[in-house]
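To start, the structure itself, in structure tokens.
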Number of protein chains: 2
Amino acid sequence: MNEAASLNFDTLKLSCGQCNLRELCFPYGMPEEDLHRLDAVVELRRPLRKGDYLYRESGPAKSIFAVRSGSLKTMVESPNGDEQIVGFHLAGELVGLDGFRDDKHTCACIALETSSVCELPVSRLEQLCEQVPALQKQIRRIMGKEITTDHAMLLMLGKMSAEEKLASFLLSLSRRMEERRWKADDFVLSMPRQDIANYLGLAVETVSRLFANYQEEGIIDVDRRRIHIRQMQRLEQIVGECKS
Amino acid sequence: MNEAASLNFDTLKLSCGQCNLRELCFPYGMPEEDLHRLDAVVELRRPLRKGDYLYRESGPAKSIFAVRSGSLKTMVESPNGDEQIVGFHLAGELVGLDGFRDDKHTCACIALETSSVCELPVSRLEQLCEQVPALQKQIRRIMGKEITTDHAMLLMLGKMSAEEKLASFLLSLSRRMEERRWKADDFVLSMPRQDIANYLGLAVETVSRLFANYQEEGIIDVDRRRIHIRQMQRLEQIVGECKS
DNA sequence: CGTTTGATTGACCCCACTCAAACGTGGTGG
DNA sequence: CCACCACGTTTGAGTGGGGTCAATCAAACG
């Protein structure tokens with residue numbers, strides 16, 4: 001255990017109004033004056049290291065979390081023991097919304113790399129909701145977005161071929177990179193092939209072969225986890241032309 | 001157009017407190033006195049006939065809906081035009097939550113048979129939220145449940161074999177029948193094989209063959225859309241024993 | 001009745017999985 | 001510094017689950 005790791009992280013807290021993720025995160029669209037009140041709710045947590053759990057399935061759900069840096073994955077477990085990754089989460093995205101059902105988490109959340117999160121305790125969030133009616137709407141919006149994202153993923157798993165799935169995955173990542181003002185066509189995957197395969201409902205070997213195919217065709221350059229997209233429109237074309 | 005269909009459906013409105021679906025539906029867990037206030041928000045809609053749209057993708061989302069009778073399906077459309085059914089909805093269940101994202105629906109909702117719904121206009125719901133704080137929590141719970149359900153479906157589409165998918169589907173339906181005080185082992189499917197196949201990410205022929213297999217093995221009796229489950233534990237066993 | 005729509009059954013085949021082995025790459029300790 | 005190992009990734013060969021195509025059948029409907 002590092003001594004520095006036991007610092008009081010409240011002293012490091014940044015205000016939501018000054019956070020460069022505010023347009024992507026919880027504060028999006030909220031009036032300036034309400035953001036100050038939000039600050040009082042947010043706690044900065046000690047950073048997670050790769051592989052650390054933020055929360056576990058069926059564990060108590062007292063908070064929701066905003067990713068501040070790094071990235072996380074959420075996964076559900078089947079009765080027979082194998083797991084399905086249901087989402088990858090980048091800076092500014094929120095996790096833990098599944099816990100609203102009955103204050104228990106129905107999925108586990110694990111850091112893909114060293115990551116930090118802001119914690120929003122539900123009890124305090126509820127209190128603030130009574131003072132700031134706009135906050136309720138905000139929560140509903142965020143949850144509505146989660147539902148829409150899950151629906152898109154259902155479509156992917158249910159209807160797409162392996163080739164389409166991977167193209168769809170890369171495009172989704174690329175767009176999220178762009179939202180964050182990072183390069184849309186040049187980024188590093190924070191997850192291993194195994195996780196990509198799991199997420200897409202494929203075998204690792206298939207993912208590996210598809211990357212090789214894309215590279216062969218000059219659509220992307222792959223070096224380990226580094227991805228450079230050379231022909232974005234080809235990827236879009238692959239996703240658009242199902243069953244042809 | 002039938003003359004009777006243009007009756008004022010408000011006169012037929014039942015109060016939530018007296019509805020026999022209240023334990024499954026929106027009012028679940030809410031105190032008696034708040035239910036009266038909820039009544040003022042709820043509008044009964046003209047019944048939908050089979051194939052009617054309750055709402056369409058990218059249409060305005062001004063309300064959420066509770067299924068009063070009958071059943072519905074929700075579906076998303078892929079860029080190339082084919083559709084994925086993301087849910088079947090029975091009496092007492094809520095649809096339209098995806099619209100909270102930005103007041104536009106991201107999926108379409110269609111009646112599988114003659115069905116009626118209660119409409120809860122979001123604007124009125126928001127007003128009531130300010131008077132009844134418990135209502136906010138209720139909405140979050142319902143949305144949390146939707147997210148959890150979607151995650152379970154992701155697991156199904158991503159990790160299960162065709163045999164496991166269908167068993168899982170039948171068990172899910174069976175449990176929901178039981179919740180509604182109907183027979184858990186004897187019910188009629190409101191959706192065609194095509195829709196089951198679409199939902200499970202399979203071909204119609206595969207669903208048909210699997211039904212035949214199950215019948216062969218004496219697990220279920222199938223007659224058209226009528227399902228009689230003879231050996232519930234065999235179905236549970238199929239779902240539990242993946243990859244064996 | 002013929003027509004239409006939905007369900008079943010059979011024959012065939014292909015996509016993606018499985019199994020197996022080789023190949024970096026990075027970390028560790030001698 | 002290099003040998004070694006562990007792990008993630010790639011590549012090849014073979015196979016099977018489930019898709020596709022096509023024909024048949026059954027029920028519902030006008």
Side-chain angles (χ1 to χ4, degrees), chain A residues 49-51 73 80 82 84-85 110 112-114 156-169 188-217 220-227 238 241-244, chain B residues 49-51 73 80 82-85 110 112-114 156-170 188-217 220-227 238 241-244:
Chain A
R49 280 163 306 176
K50 182 174 167 181
K73 63 177 172 182
N80 58 59
D82 54 17
Q84 170 70 40
I85 295 174
I110 301 175
L112 288 167
E113 59 192 318
T114 302
M156 188 191 68
L157 286 177
K159 289 282 163 297
M160 290 187 184
S161 67
E163 197 183 15
E164 291 162 346
K165 284 177 179 177
L166 190 62
S168 164
F169 170 73
V188 174
L189 301 171
S190 57
M191 70 292 290
R193 300 280 190 274
Q194 188 59 254
D195 283 357
I196 298 174
N198 182 306
Y199 177 75
L200 298 176
L202 299 172
V204 202
E205 296 92 327
T206 305
V207 172
S208 185
R209 275 184 256 266
L210 286 171
F211 272 131
N213 291 349
Y214 287 166
Q215 181 145 31
E216 188 93 13
E217 297 177 38
I220 60 174
D221 282 341
V222 194
D223 174 35
R224 288 294 276 164
R225 297 200 179 172
R226 177 80 172 271
I227 302 287
I238 289 169
E241 63 157 41
C242 190
K243 296 256 180 59
S244 66
Chain B
R49 281 161 305 177
K50 181 175 167 180
K73 63 176 172 182
N80 58 61
D82 55 16
E83 295 169 327
Q84 171 70 39
I85 295 174
I110 301 175
L112 288 167
E113 59 192 317
T114 302
M156 187 190 71
L157 286 176
K159 289 281 163 298
M160 291 187 183
S161 67
E163 198 182 15
E164 292 163 345
K165 284 176 179 177
L166 190 62
S168 163
F169 170 72
L170 289 174
V188 175
L189 301 171
S190 58
M191 71 293 289
R193 298 283 189 275
Q194 188 60 252
D195 283 356
I196 298 175
N198 181 306
Y199 177 75
L200 298 177
L202 300 172
V204 202
E205 295 92 327
T206 305
V207 171
S208 187
R209 277 184 256 267
L210 286 170
F211 272 131
N213 292 350
Y214 287 165
Q215 180 143 31
E216 188 92 13
E217 297 177 40
I220 60 173
D221 282 343
V222 193
D223 175 35
R224 284 296 275 165
R225 296 201 182 171
R226 177 80 171 270
I227 302 286
I238 289 170
E241 61 156 42
C242 190
K243 296 255 179 65
S244 69

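Heavy-atom basis, side chains included; hydrogens, waters and symmetry copies ignored.
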Practice task
For atom CZ of B/Arg226, decide whether the heavy atoms of other residues, nucleotides or ligands shown that lie under 6.0 angstrom number more than 12.
Solution key: no

Handout entry: Nucleotide opposite D/dG30 in a Watson-Crick or G-U pair, distances under 3.5 Å
Key = C/dC1

Exercise for the section: With heavy atoms under 4.0 Å as the rule, sort A/Glu205 into base, sugar-phosphate or nothing. Expected result: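 Base: the residue A/Glu205, judged by heavy atoms under 4.0 Å, touches a nucleobase.
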
Proximity to the side chain of [X] - top-ranked nucleotide from [options]:
X        : options                : value
B/Arg225 : D/dT20, D/dG18, C/dG6  : C/dG6
A/Ser208 : D/dT11, C/dG6, D/dT20  : D/dT11
B/Arg193 : D/dT9, D/dT20, C/dT8   : C/dT8
A/Thr206 : C/dA16, D/dT20, D/dG19 : C/dA16
A/Arg209 : C/dT9, C/dC17, D/dT9   : C/dC17

Problem - Whole-Å distance separating the CD1 atom of B/Ile196 from the P atom of C/dT8 - result: 9 Å

Problem - Whole angstrom value for the distance that separates C1' of D/dC25 from CZ of B/Arg224 - result: 11 Å

Problem - Earlier contact from the 5' end, DNA chain C, for A/Gly201 and A/Asp223 - result: A/Gly201

Handout entry: Worked check of side chain to side chain contact (heavy atoms under 4.5 Å, CB included) between B/Tyr199 and B/Met156
Key = CA-CA 10 Å; B/Tyr199 177 75; B/Met156 187 190 71; 4.3 Å; yes

Problem - side-chain contact (heavy atoms from CB on, under 4.5 Å), paired with B/Ile196, selected from B/Val204, B/Leu189, B/Leu202 - result: B/Leu189

Problem - From A/Glu163 atom CD to A/Leu210 atom CG, the distance as rounded to the nearest 0.5 Å - result: 6.5 Å

